[in-house]
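Only one structure is covered here, and it is reproduced in the block below.
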Amino acid sequence: MATDSERNERMEKIVSLCKRRGFIFQSAEMYGGLNGCWDYGPLGAEVKRNLKDYWWQKNVIERDDIVGLDGSILTHQEVLKASGHVGGFSDPMCDCLLSRARLRADQVPEQSGTAVWYAGASHADSGWSVDTEFAVLVPSGKDADSAKKTARQFYGERLPDKKVSPKELELIEHKREELEATTRFNPSNGALLTEPREFNLMFQTSVGASSGEGSIAYLRPETAQSIFVQFKNVLETSRQKLPFGIAQIGKAFRNEINPRNFTFRSREFEQMEIEFFCRGEDGLRLTDEWLERRLSFYEEIGIPREKLHILDVPDGERAHYSSKTYDIEYDFPFGIQELEGVAYRTDYDLRKHGEASGKPIEYFDEQAKEKFVPHVVEPSAGCDRTVLALICEAYDEETVTNEKGKEETRTVMRFDPKIAPVKCGVFPLLKNKPELVAKAKEVKALLSPLMNVFYDETAAVGRRYRRQDEIGTPFCATIDFDTIGENGPELANTVTVRDRDSMNQERVKIDQLPAYIGSKLV
RNA sequence: GCGGGUGUAGUUCAAUGGUAGAACGCGAGCUUCCCAAGCUUGAGACGUGGGUUCGAUUCCCAUCACCCGCUCCA
């Protein structure tokens with residue numbers, strides 16, 4: 001098991017490789033950067049597209065029972081009120097300064113008593129002091145000095161030396177006041193609360209020229225809602241029967257309090273979601289089935305099962321709408337973190353939208369002659385998180401001995417070929433031999449319509465191989481003197497194909513090259 | 001949101017209260033018959049804004065961003 005610092009160091013190398021080679025850049029870097037936002041460079045864009053295309057291929061194109069949707073990002077406020085995104089999370093919240101519990105400001109009960117205010121605290125022996133303001137409310141009838149214990153606890157947490165007992169602290173009390181019906185203190189411990197703050201993770205905007213209450217819209221916080229809201233339209237136009245799914249890939253936005261870990265938690269991110277609708281009695285079984293199917297998907301794109309962890313989210317930690325949720329987590333260098341949630345959302349969403357709009361969303365089962373609100377199982381994958389996992393998983397350093405017998409490090413991105421941003425490098429062995437260059441350009445033209453190819457004629461061929469290693473190109477084709485027939489007709493029109501992982505070389509006929517590489521990209 | 005740390009070239013690092021260096025990488029040229037070879041040559045940086053100062057990349061303050069530990073993640 002790698003130590004924390006080794007894992008941090010590995011992550012730093014990955015981040016700098018992403019920048020250096022053009023996978024991922026800080027958004028608006030030349031203006032100082034925009035917190036929690038990232039741009040994909042030329043290679044990152046390819047990786048991300050390959051992932052999305054493969055997901056779409058497997059879940060929509062190759063399945064009869066799932067259809068696609070591409071919903072708008074701007075979302076009607078009523079949609080998000082019905083889903084619960086607006087109601088519960090737009091209220092002002094305050095935090096307890098001592099326990100850090102977050103409370104809804106309008107639900108803090110009114111209390112009366114003596115507020116004891118402190119300007120700070122100090123520790124005589126070590127000379128340490130702090131001037132953070134704090135206060136404790138002592139209920140009427142109790143000894144006001146009992147506030148000291150709470151205050152010592154508060155300031156004690158700020159002590160740099162944890163061996164110092166909070167009891168040794170000198171408190172700097174600066175005033176006492178009698179308060180009636182105050183809501184500024186935590187009822188469970190008397191500690192001061194922060195000022196109430198708006199706490200809504202959604203980005204709000206207004207639609208149209210006038211910006212009244214009615215024009216409020218939000219950037220969607222998840223792609224799922226447009227699927228629920230369009231359920232009836234999709235059902236009618238696609239001629240699907242239960243069970244069936246609606247798939248969507250698209251951007252979602254959350255104003256995260258603290259974006260972290262490179263692209264892992266960003267404010268703008270892309271989701272790949274399926275809402276798979278079914279009868280209520282099939283919900284739990286389908287949740288388990290989808291979990292297995294999704295695990296296989298990750299293996300197919302090059303994330304081995306042993307690097308994935310399945311978390312059966314316990315009661316109380318699941319979202320309010322879910323009665324069963326599995327998180328699929330990946331072992332990132334910065335910790336085990338979620339890639340995808342497979343949640344059984346019951347009939348919560350369709351029912352809520354039916355109630356809120358006054359237009360019930362029901363499905364009529366011809367055979368059973370019954371009408372009901374479908375339930376839904378949702379495998380919801382984070383696209384950017386998966387790209388990051390693919391990059392972390394691909395990153396490898398290997399020690400090789402060069403021709404002078406010196407050891408050096410070869411950095412290789414071991415992407416699965418179907419994920420790799422560039423599929424094949426094409427090199428003339430020497431750039432000052434026009435016949436080689438011309439032939440190499442022919443090979444590039446042959447492959448380009450089929451896959452992303454990178455032509456390179458600068459520097460020694462070994463360097464060109466290493467450049468491709470670092471961006472994960474699985475194959476390189478080198479055009480040499482054999483190719484142009486200088487060493488006999490039997491080798492004419494063959495190229496050297498060099499394999500990224502083994503560094504082995506093999507001769508392949510040019511006309512067989514598309515099939516040779518193509519077969520490894522499926 | 002709290003606490004700590006870091007911002008110098010594309011990357012990784014130096015040095016400095018008075019002209020900012022290197023390595024690797026990148027571009028051009030020469031050379032080269034398969035794994036980062038060599039030679040010549042070129043481009044390229046003090047996150048941003050204030051303050052102190054004759055003068056600030058350096059000291060101070062603020063801000064922005066990133067990293068680490070908590071917290072949060074409907």
Side-chain angles (χ1 to χ4, degrees), chain A residues 4-5 7-9 11-13 15-22 25-38 41 80 83-90 93-97 99-102 130 132 157-160 194-195 197 199-202 221-222 254-262 264-265 267 317-322 327 334-335 337-338 341 400-404 406 408-411 427-433 436 458-470 476-484 486-487 495-500 503-505 507:
Chain A
D4 279 2
S5 74
R7 291 171 77 99
N8 286 343
E9 195 186 319
M11 197 60 213
E12 278 170 26
K13 284 179 179 172
V15 172
S16 84
L17 182 135
C18 282
K19 169 91 189 284
R20 183 159 38 96
R21 289 304 192 183
F25 307 124
Q26 168 85 63
S27 187
E29 188 188 37
M30 66 186 294
Y31 289 102
L34 181 59
N35 184 263
C37 296
W38 303 90
L80 296 164
S83 66
H85 288 89
V86 175
F89 300 95
S90 59
M93 307 289 275
C94 24
D95 296 328
C96 172
L97 288 172
S99 68
R100 288 176 176 144
R102 179 156 285 163
V130 63
T132 310
E157 283 178 5
R158 281 149 184 78
L159 275 167
T194 59
E195 294 290 335
R197 283 182 301 240
F199 186 73
N200 190 328
L201 268 48
M202 288 197 294
E222 60 178 18
R254 293 180 197 178
N255 205 351
E256 296 285 355
I257 291 171
N258 64 344
R260 260 312 155 79
N261 291 329
F262 200 28
F264 181 82
R265 179 167 302 142
R267 295 204 157 111
E317 287 179 30
R318 286 191 301 268
H320 57 282
Y321 51 71
S322 177
D327 283 351
F334 47 80
Q337 298 280 352
E338 180 185 350
V400 293
T401 308
N402 69 14
E403 55 185 357
K404 291 178 192 155
K406 238 174 51 183
E408 55 186 20
T409 303
R410 182 173 84 114
T411 302
F427 314 142
L429 186 57
L430 298 174
K431 75 167 167 186
N432 58 0
K433 296 285 182 287
L436 294 179
T458 64
V461 74
R463 178 191 291 271
R464 287 177 256 167
Y465 288 147
R466 295 301 173 84
R467 282 177 184 149
Q468 296 305 310
D469 287 342
E470 217 181 27
C476 293
T478 299
I479 285 71
D480 56 20
F481 292 93
D482 292 350
T483 314
I484 56 174
E486 284 198 1
N487 299 314
V495 295
T496 302
V497 176
R498 180 262 195 185
D499 179 83
R500 176 194 68 199
M503 298 198 279
N504 289 338
Q505 306 191 149
R507 286 213 77 88

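Throughout, a chain's letter reflects where its sequence line sits, starting with A, and its residues are numbered from 1. Only a predicted model underlies this, so the values are computations on that prediction, with no experimental measurement involved.
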Using salt bridge (charged side-chain N to carboxylate O under 4.0 Å, His left out) as the criterion, list what pairs up with Glu408(A), not counting sequence neighbours. Arg466(A)
With sequence neighbours excluded, what pairs up with Val15(A) under the side-chain contact (heavy atoms from CB on, under 4.5 Å) test? Met11(A), Phe262(A)
Which listed nucleotide (rU32(B), rA36(B), rC73(B)) is nearest to the side chain of Glu256(A)? rC73(B)
Restricting to nitrogen or oxygen on both sides, can you table the protein-nucleotides 5-10 of chain B pairs closer than 3.5 Å?
from    : atom 1 : to       : atom 2 : distance (Å)
rG10(B) : O3'    : Lys19(A) : NZ     : 3.2

So, taking the atom named CD in Gln26(A) and the one named NZ in Lys19(A), what distance separates them when rounded to the nearest 0.5 Å? 9.0 Å
May I ask you to say what Gly36(A) touches in the nucleic acid, namely base, sugar-phosphate or nothing, with a heavy-atom cut-off under 4.0 Å? sugar-phosphate
Does any N or O donor sit under 3.5 Å from an N or O acceptor when you compare the side chain of Arg410(A) with the base of rC35(B)? no
Indicate, yes or no, whether a donor-acceptor pair under 3.5 Å links the base of rC67(B) to the side chain of Arg260(A). no
Listed partners of Arg410(A) passing side-chain hydrogen bond (donor to acceptor under 3.5 Å, both in side chains), at least two apart: Glu398(A), Asp469(A)
Can you sort out the partners of Asn255(A) under side-chain hydrogen bond (donor to acceptor under 3.5 Å, both in side chains), two or more places apart, ordered by chain and number? Arg267(A)
Quick note, Lys431(A) side chain, CB onward, closest among rC73(B), rC34(B), rG29(B) is rG29(B)
Between rC13(B) and rG17(B), how far apart are the C1' atoms? Round to whole Å, please. 23 Å
Please measure how far the C1' atom in rG69(B) lies from the corresponding atom in rC35(B), and state the result in whole Å. 43 Å
Span that lies between the P atom of rU31(B) and that of rU40(B), in whole angstrom: 16 Å
Indicate, yes or no, whether a donor-acceptor pair under 3.5 Å links the base of rC34(B) to the side chain of Asp480(A). yes
For Asn8(A) and Ser5(A), test the side chains for any donor-to-acceptor distance below 3.5 angstrom and give the result as yes or no. no
Between rG47(B) and rU8(B), how many Å separate the two P atoms, rounded to a whole number? 6 Å
If you find the nucleotide of RNA chain B closest to Leu34(A) and the one closest to Phe334(A), which residue's nucleotide is nearer the 5' end? Leu34(A)
Which nucleotide in the set rC26(B), rA74(B), rC72(B) lies at the smallest distance from any side-chain heavy atom of Leu201(A)? rA74(B)
Tell me, please, which residues at least two apart from Ala28(A) pass side-chain contact (heavy atoms from CB on, under 4.5 Å). none
Report the residues that fulfil side-chain contact (heavy atoms from CB on, under 4.5 Å) with Gln505(A), sequence neighbours left out, ordered by chain and then residue number. Tyr465(A), Thr496(A), Arg498(A)
Which residues share a side-chain contact (heavy atoms from CB on, under 4.5 Å) with Asn487(A), sequence neighbours left out: Phe481(A), Asp482(A)
Is there a donor and acceptor pair, one atom on the side chain of Tyr465(A) and one on the base of rC34(B), closer than 3.5 Å? yes
Please state whether the phosphate of rC68(B), meaning OP1 or OP2, lies under 4.0 angstrom from any side-chain nitrogen or oxygen of Asn261(A). yes
Identify whether any heavy atom of Arg254(A) sits under 4.0 Å from a base atom; if not, whether one sits that close to sugar-phosphate; answer base, sugar-phosphate or nothing. base
Rounding to an integer number of angstrom, what distance separates rC2(B) and rU71(B) when you compare their P atoms? 16 Å
Runs of at least three consecutive pairs that involve RNA chain B, where pairs are Watson-Crick or G-U with distances under 3.5 Å: B:1-7 with B:64-70, B:10-13 with B:21-24, B:26-30 with B:38-42, B:47-51 with B:59-63
Inter-residue atom distance Lys13(A).NZ - Thr411(A).OG1, 0.5 Å rounding: 7.5 Å
Would you say a side-chain N or O of Asn35(A) is under 4.0 Å from OP1 or OP2 of rC66(B)? yes
What integer number of Å spans the P atoms of rA22(B) and rA45(B)? 14 Å
Using a cut-off of less than 4.0 Å, is there contact between a side-chain N or O of Arg463(A) and OP1 or OP2 of rA37(B)? yes
Quick one: is Gln505(A) getting a side-chain N or O under 4.0 Å of the rC35(B) phosphate, OP1 or OP2? no
Residue Thr458(A), side-chain heavy atoms: nucleotide from rC34(B), rA28(B), rG1(B) that is nearest: rA28(B)
Nearest heavy atoms of Arg265(A) and Asn258(A), plus distance in Å: CD-O, 3.9 Å
Which part of the nucleic acid, if any, lies within reach of Glu486(A) when heavy atoms closer than 4.0 Å are counted: base, sugar-phosphate only, or nothing? base
Using the P atom in both, what is the distance from rU52(B) to rG44(B), to the nearest Å? 33 Å
Regarding Asp469(A), tell me which of base, sugar-phosphate or nothing describes its non-hydrogen contacts under 4.0 Å with the strands shown. nothing
Which is more 5' along RNA chain B, the nucleotide nearest Ala460(A) or the one nearest Leu429(A)? Just name the residue. Leu429(A)
Whole angstrom is fine here: how far is it from CD in Glu408(A) over to P in rC35(B)? 11 Å
Regarding Phe262(A), tell me which of base, sugar-phosphate or nothing describes its non-hydrogen contacts under 4.0 Å with the strands shown. sugar-phosphate
Phe264(A) atom CZ is separated from rC72(B) atom P, nearest whole Å, by 16 Å
Roughly how many Å apart are rC72(B) and rA20(B), using the C1' atom of each and rounding to a whole number? 43 Å
